[in-house]
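Contents: one structure, followed by commentary.
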Protein chains: 2
Amino acid sequence: MHLNFTSEPRLADGVIERDFTLGEIPGILWTPESISTPVPLILLGHPGGLTTMHARLAARARRAAADGFAAATIELPGSGGRPKLAAVDEARTDLRRALGAGEPVNPEIIDRLILPLVEQAVPEWQVALDALLTLPEIGGPVGYSGGVISIGVRLALVEPRIAAAGLFAGSFVPRAIFDEARQITIPLHVLLQWDDEWNDRQAALDLFDAFGSREKSLHANMGGHTGVPAHAGEDAAGFFARHLR
Amino acid sequence: MHLNFTSEPRLADGVIERDFTLGEIPGILWTPESISTPVPLILLGHPGGLTTMHARLAARARRAAADGFAAATIELPGSGGRPKLAAVDEARTDLRRALGAGEPVNPEIIDRLILPLVEQAVPEWQVALDALLTLPEIGGPVGYSGGVISIGVRLALVEPRIAAAGLFAGSFVPRAIFDEARQITIPLHVLLQWDDEWNDRQAALDLFDAFGSREKSLHANMGGHTGVPAHAGEDAAGFFARHLR
């Protein structure tokens with residue numbers, strides 16, 4: 001499947017931004033304005049909703065471009081204008097109800113919320129990767145950055161072209177994904193918001209401990225889910241610079 | 001009390017290194033080769049033994065100098081050629097015996113090992129700071145970097161000239177120091193070796209949680225006590241660059 005560029009290139013801050021579709025899936029590609037050789041690529045993960053997330057994604061792409069990297073993202077299944085995933089939406093409603101009532105979250109709800117998303121999103125990321133790597137300006141190696149962490153874990157496990165991953169420990173993780181984490185061996189950079197209202201700290205620490213990678217770092221910062229400090233982005237950029245250059 | 005320089009300046013890699021004594025206490029000062037204005041200062045903490053630690057301290061000082069900072073250290077009480085602290089040595093023997101036997105460590109041993117060191121070392125660091133800040137090439141602000149973490153905590157609490165601290169979560173911490181940690185408010189950068197054979201991971205995480213600072217980051221990396229990766233030093237340097245410049 002090929003990328004179809006659906007917008008004129010937009011140039012800002014030394015970065016060229018282009019919208020594309022991959023079949024029915026919308027996406028965005030950012031490349032440094034001036035490049036002479038094919039550049040490494042960072043896949044930008046996110047919780048879904050490219051329009052809502054655009055400003056934050058573009059900022060991460062600018063940081064990647066400053067290091068000479070391209071960045072790309074695609075919409076998640078069920079998000080943005082894509083067909084709804086009724087079962088996932090139902091699980092999300094159940095999760096919010098449990099959290100709102102202060103009840104412990106049944107792991108079965110997490111499975112219903114996350115596993116279908118992982119099952120559908122990971123092959124889509126792989127198809128996107130196939131298409132992105134045919135572009136003359138993009139070479140490799142390839143990194144994955146951001147959430148949904150379960151998607152990042154599965155992708156790191158099944159996709160050998162992912163050389164390094166920067167993961168955001170900010171979501172509920174099914175037991176099956178936790179077990180997959182033990183098999184991951186690529187370098188990992190894990191970001192944890194210490195007082196994340198959407199995340200169980202101990203579960204995040206346990207997941208970090210479980211990763212099989214010999215090189216893994218946990219960077220914990222103060223604040224809630226959306227309060228990641230700017231310097232955390234700098235440290236993550238340093239991680240990718242070490243592993244993708 | 002004044003610094004008495006006891007060696008010729010040694011120039012290497014753009015850094016001038018000078019030995020000094022402060023009364024009976026030996027120390028080392030590193031300054032960038034070319035500076036025009038008084039520079040910030042990083043106090044380099046360590047577990048004792050300037051001769052043994054010299055190569056590692058000099059490497060940290062070079063990193064500080066690359067950012068335009070001076071660095072200085074003094075010998076710990078009871079270490080190097082300084083008079084032995086018999087009670088501390090006895091506590092260390094008791095600790096090793098307990099660890100060697102696989103026994104739980106009685107907190108009373110930790111108190112006997114660490115508290116006398118803190119009580120004596122912290123005022124010495126303050127006297128050294130007084131003397132260092134009279135030098136024309138050293139201005140401020142001042143940071144504290146490294147172990148012994150209990151010394152860093154006490155110094156950060158009682159010495160208002162310490163603007164930021166990078167601490168190494170690699171030692172046993174008395175309950176009294178743990179309580180002092182809650183009162184710390186300066187920015188903190190805490191390094192944790194995830195599989196540190198000399199450190200209880202959960203105790204380190206609890207201490208990080210206890211710090212009162214609104215800005216604090218925990219950077220956990222793989223490996224044992226002495227296996228801190230080079231990139232951890234880069235991240236720590238970024239922390240001091242943000243807070244001392």
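Convention: sequence-line order gives letters A, B, ...; per-chain numbering from 1. Only heavy atoms go into these numbers, but all of them, side chains included; no hydrogens, no water, no symmetry mates.
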Give, as side chain, backbone, both or neither, the part of B/D209 having an atom under 4.5 angstrom from any heavy atom of chain A.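 When you check distances to chain A, atoms from both the backbone and side chain of B/D209 fall under 4.5 Å.
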Any chance you could measure [X], atom [atom1], to [Y], atom [atom2], to the nearest 0.5 Å?
X      : Y      : atom1 : atom2 : result
A/E215 : B/M222 : CD    : CE    : 10.0 Å
A/H243 : B/H231 : NE2   : NE2   : 6.0 Å
B/L205 : A/W194 : CG    : CH2   : 5.0 Å

Quick check on the interface: out of B/A232, B/A220, B/G238, B/S213, who has the most heavy-atom pairs with chain A under 4.5 Å?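 That would be B/A220.
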Segment of A/R201 engaging chain B (4.5 angstrom heavy-atom cut-off):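 Only the side chain of A/R201 comes within 4.5 Å of chain B.
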Which bit of A/Q193 is near chain B, if near means a heavy-atom gap under 4.5 Å: side chain, backbone, both or neither?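 No part of it gets close to chain B.
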Between A/H219 and B/H219, how do the two ring planes meet: parallel, tilted or perpendicular, split at 30° and 60°?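 Because their plane-to-plane angle is under 30°, the rings of A/H219 and B/H219 count as parallel.
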